[in-house]
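Position 1 is the first residue of the sequence, and the numbers go up from there.
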Amino acid sequence: MRRWSLAGQMLVLQLLVVAVTATGGAVLALVQAHELLTEEAGATARAVAVSVAASPDVADALDDPDPSARLQPYAERVRLATGVDFITIMRTDGTRYTHPNPAEIGRRFLGHTGRALAGETFTETYTGTLGPSKRSVTPVVADGRVRALVSAGITIDRISARLRDQLAWGGLIVALALALGAAGTWLVTVRLRRQTHGLGPVELGRIHDHHDAVLHAVREGLLLVGGDGRLTLCNDAARQLLALPADAEGRHVSELGLAPLGEVVLSGEEEQVHLVGDRVLAVSTAPSRLGTVVTVRDHTELQALTGQLDAERGFAESLRSAAHEAANRLHTVITLVELGRTEQAVALGTAELRAAQELTDRVVGSVREPVLAALLLGKSAEAAERGGELLISEDSELDDLGLDPRELVTIVGNLIDNAIDAAGRVEVHLSGDEHGVVIRVADDGPGLTDPAAFEKGWTTKGDGHGLGLALVGQAVRRLGGTIEVTGSVFTVRLPVPEPAR
């Protein structure tokens with residue numbers, strides 16, 4: 001037996017909901033209408049009774065030998081004018097002066113009068129000579145005392161007659177609501193059937209489970225951005241990599257604190273590397289029928305390893321250059337020996353050996369972190385090959401204090417590279433103790449004034465792909481340090497990590 005599709009089930013359910021809602025609404029409306037009509041009748045009766053009791057004609061007529069002669073015509077005029085069913089003016093003992101039925105004049109009023117005799121106006125439902133009615137009773141006060149009572153009311157039969165008049169209209173409205181609800185439900189069902197391809201709840205649930213499992217299992221961040229720039233979908237990895245808030249979905253990408261990423265998504269560029277917080281992210285975009293699919297991959301570790309590899313490659317290159325230079329000088333020494341100028345050959349060889357040994361001794365003696373020392377030696381050779389000079393300050397003294405060497409390579413290497421690019425002479429100062437590490441790189445260049453220098457894309461070369469200083473700023477933040485720029489002097493202060501216990 002074929003299961004009902006989701007659209008078919010929704011059609012039946014919606015028809016039942018519409019029928020129950022319309023019927024319940026009609027019943028509730030009738031109940032409320034009855035209550036409102038009853039309250040309206042009570043308010044009308046109260047207003048009429050109070051007005052009659054306050055009339056000077058009523059107070060004057062009470063002094064006549066036959067008050068009914070004046071009060072009965074007056075009460076009937078007011079009754080017909082206001083639409084109430086009765087106005088009864090009576091003595092304090094309940095003897096009627098007026099009544100719609102003249103035969104009831106002189107008889108006792110059927111109802112409660114105690115509260116009115118105490119000076120209070122009240123409303124009640126009571127069965128009198130005309131049947132059940134909503135009535136109000138109020139005192140006629142003259143000369144500071146209660147002289148008489150006035151009661152005005154509307155019968156329940158009259159209220160019910162008005163309600164029956166509205167019942168026909170209510171039935172018509174219910175029928176119309178059912179018809180419109182059924183038509184609207186059918187249209188919604190047709191659209192739902194088209195969107196769900198006639199699948200039932202079980203099939204849709206299975207598809208959702210597969211989608212959810214795949215979406216949240218992948219390690220790459222996945223986002224779907226609609227054509228209006230709003231984030232419509234993101235997985236757990238994307239939330240973690242981009243530090244997205246819980247209510248990210250449905251918000252515009254420019255509102256999520258990801259300005260560079262938002263620019264990539266909105267510009268439609270296929271792939272870029274961006275710095276988000278303390279991460280290096282590779283962002284890829286691809287258009288789809290539902291918007292733009294964004295893939296985010298974490299390249300932080302890869303970038304750090306790349307930086308370390310670049311440093312080692314630079315060191316190897318500097319060794320190659322040094323070897324080439326040493327070969328040239330050795331050839332010169334050999335030639336001097338062959339020419340019989342032994343003293344000059346010894347002097348040249350000794351000077352070269354002394355200079356290289358002094359540089360090595362200074363770097364190794366000042367910096368006990370081997371990776372950083374190797375970096376400085378490589379950068380020194382690189383600066384010399386490029387016609388510049390890299391100096392290690394005399395007061396440099398840095399032990400191995402447990403800082404991540406990859407982060408140090410990123411910071412020192414990029415600062416020196418930028419300094420060498422900007423000037424010919426670079427001076428590096430390194431110092432540290434249990435309170436923190438200070439790294440200072442200065443050059444004789446024009447200095448730095450742009451506050452955006454530590455953002456991705458800043459460069460003085462005009463190619464728009466600057467990443468070095470941005471990586472420096474990111475590494476400093478990861479280590480919990482600070483960086484200051486004064487002209488052409490970069491000063492980095494890093495806290496020393498607490499020793500493991």
Side-chain angles (χ1 to χ4, degrees), residues 275 278 303-304 307-308 310-312 314-315 358-383 388-455 458 467-500:
L275 303 180
D278 58 352
Q303 191 68 42
Q308 186 173 356
D310 288 342
E312 294 176 357
F315 184 53
E358 285 179 356
L359 175 61
T360 301
D361 291 343
R362 174 172 295 182
V363 172
V364 174
S366 301
V367 181
R368 256 77 74 183
E369 167 55 57
V371 175
L372 192 57
L375 173 70
L376 293 174
L377 288 173
K379 292 299 180 183
S380 177
E382 180 182 349
E389 183 181 14
L390 175 63
L391 302 177
I392 309 299
S393 66
E394 296 289 343
D395 56 346
S396 289
E397 186 75 22
L398 181 61
D399 292 327
D400 185 357
L401 298 175
L403 290 172
D404 189 343
R406 292 177 299 177
E407 303 286 15
L408 292 177
V409 166
T410 298
I411 296 172
V412 177
N414 281 287
L415 288 179
I416 292 177
D417 285 341
N418 280 277
I420 294 176
D421 289 339
R425 186 176 184 275
V426 180
E427 181 175 354
V428 179
H429 168 82
L430 302 169
S431 62
D433 53 26
E434 67 274 9
H435 301 296
V437 172
V438 177
I439 301 171
R440 185 178 297 111
V441 178
D443 60 64
D444 55 358
L448 180 66
T449 58
D450 190 349
F454 292 95
E455 297 179 5
W458 187 92
L467 194 60
L469 289 182
L471 291 174
V472 170
Q474 190 182 68
V476 171
R477 287 194 298 273
R478 276 198 296 266
L479 295 176
T482 61
I483 184 167
E484 300 175 2
V485 181
T486 304
S488 58
V489 180
F490 290 74
T491 304
V492 176
R493 291 181 172 84
L494 303 174
V496 175
E498 299 248 342

Distance from [X] atom [atom1] to [Y] atom [atom2], nearest 0.5 Å?
{"X": "S396", "Y": "R440", "atom1": "OG", "atom2": "CZ", "value": "9.0 Å"}
{"X": "S488", "Y": "N418", "atom1": "OG", "atom2": "CG", "value": "12.5 Å"}
{"X": "R493", "Y": "I439", "atom1": "CZ", "atom2": "CD1", "value": "11.5 Å"}
{"X": "F490", "Y": "I416", "atom1": "CZ", "atom2": "CD1", "value": "12.5 Å"}
{"X": "D443", "Y": "I420", "atom1": "CG", "atom2": "CD1", "value": "10.0 Å"}
{"X": "L479", "Y": "L408", "atom1": "CG", "atom2": "CG", "value": "7.0 Å"}

The criterion is side chain to side chain contact (heavy atoms under 4.5 Å, CB included); which residues satisfy it with S431, sequence neighbours excluded?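 Only H429, V438 meet the side chain to side chain contact (heavy atoms under 4.5 Å, CB included) criterion with S431.
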Which pair of heavy atoms, one from G487 and one from V485, lies closest together, and at what distance?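 Residues G487 and V485, closest heavy atoms: O-CG1, 3.8 Å.
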Step-by-step side-chain contact (heavy atoms from CB on, under 4.5 Å) determination, L403 to V496: CA-CA 7 Å; L403 290 172; V496 175; 5.7 Å; no
Could you give me the CA-CA distance, side-chain angles and deciding distance for I411 and L494, then say whether side-chain contact (heavy atoms from CB on, under 4.5 Å) is met? CA-CA 11 Å; I411 296 172; L494 303 174; 4.1 Å; yes
